[in-house]
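Step one of this worksheet: look at the structure below.
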Amino acid sequence: LRVQTVLKINDNLKVVTRFDAFDNRVWGTPDESQVLGDKVNIDWDRAYMEMITKIGFFRIGRQKGNAWGTSFADQETDRDRILYAVPLDNLILAFVYEKMTETDAGTTVNDADFDRFYLTATYKAENYTAGLLTAFLRINDQPITSTILMAGPVDIDLYEIAPYIIGKFGPISIEAELLYGFGTAQRDGAADSDVKMWGF
């Protein structure tokens, strides 16, 4: 059972939540997790606030993330984010700060996190929508194991560019997106390694 609620305070402020009840539960299993010892019947997905102000639109909290442009490369996972958007006629400019992983809370480790910063521009015309996303990914001291990247805790600085277009021009429909990324990865005591990725 998926439940989504919208608590509307006024025309400019609302709180949105979503949770799943008995998700992936098998009949006859106990209410308590035998491994974690906590409740597993209710799985909270999202809880965020939306505000319309004189200086723009804000969405703050756990919300849908990893989705941009077309469905290409989208994962639509729930992320802790702060989104700020400003509409300028047909153009929408937006900035997003996204906390991907928080691993240093309650520890003596300093800044061992995975953060993402986005700057986007989206233009909506009568017969097409086009956008450009630029992003900076900052990964500090994360235990990444990969055959592509080096094993063990690494620091990664990655830049991404992702333009897209969705439209209909007469009898022709088009939906295209390009993803290009570049940066560096560094493990303690090792030289920097270049990181590149692309897809379309």
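Y123 pairs by the ring pair (Phe, Tyr, Trp, His ring centres under 6.0 Å) definition with nothing, not counting sequence neighbours. The side chain to side chain contact (heavy atoms under 4.5 Å, CB included) check on T70 picks up F72, Y164, I166, E175, E177, with sequence neighbours excluded. K124 is linked by a salt bridge (Lys or Arg N to Asp or Glu O under 4.0 Å) to nothing, counting only residues two or more places apart in sequence or in another chain. The salt bridge (Lys or Arg N to Asp or Glu O under 4.0 Å) test applied to D74 returns no partner, not counting sequence neighbours.
Using a 4.0 Å cut-off between charged side-chain N and carboxylate O, R62 and D78 make no salt bridge.
L132 approaches I161 most closely through the heavy-atom pair CD1-CG2, 3.9 Å. Across every non-hydrogen atom of R81 and Q63, the tightest pair is O-NE2, 3.2 Å.
Counting Ile, Leu, Val, Met, Phe, Trp and Tyr side chains that sit under 4.5 Å apart, directly or through other members, V16 shares a hydrophobic cluster with V6, Y48.
A 4.5 Å side-chain heavy-atom check between L93 and L88 finds at least one atom pair inside the cut-off. Within the 4.5 Å cutoff, the side chain of D20 has heavy atoms near those of the D45 side chain. In this structure, Y128 and I174 have side chains that are not in contact, with every pair of non-hydrogen atoms separated by 4.5 Å or more.
Sorted by first and then second residue, the salt bridge (Lys or Arg N to Asp or Glu O under 4.0 Å) pairs involving residues 157-173 (not counting sequence neighbours) form an empty list.
Checked against a 6.0 Å centroid threshold, the rings of W198 and Y180 do not count as neighbours.
Using modelled atom types, no side-chain atom of D89 and backbone atom of L91 make a donor-acceptor pair closer than 3.5 Å.
The aromatic rings of F117 and F136 sit parallel to each other, their planes meeting at less than 30°, with 60° as the upper class boundary.
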So D115 and K99, side chain to side chain contact (heavy atoms under 4.5 Å, CB included) or not? Walk me through it.
CA-CA 5 Å; D115 300 300; K99 174 66 71 173; 2.8 Å; yes
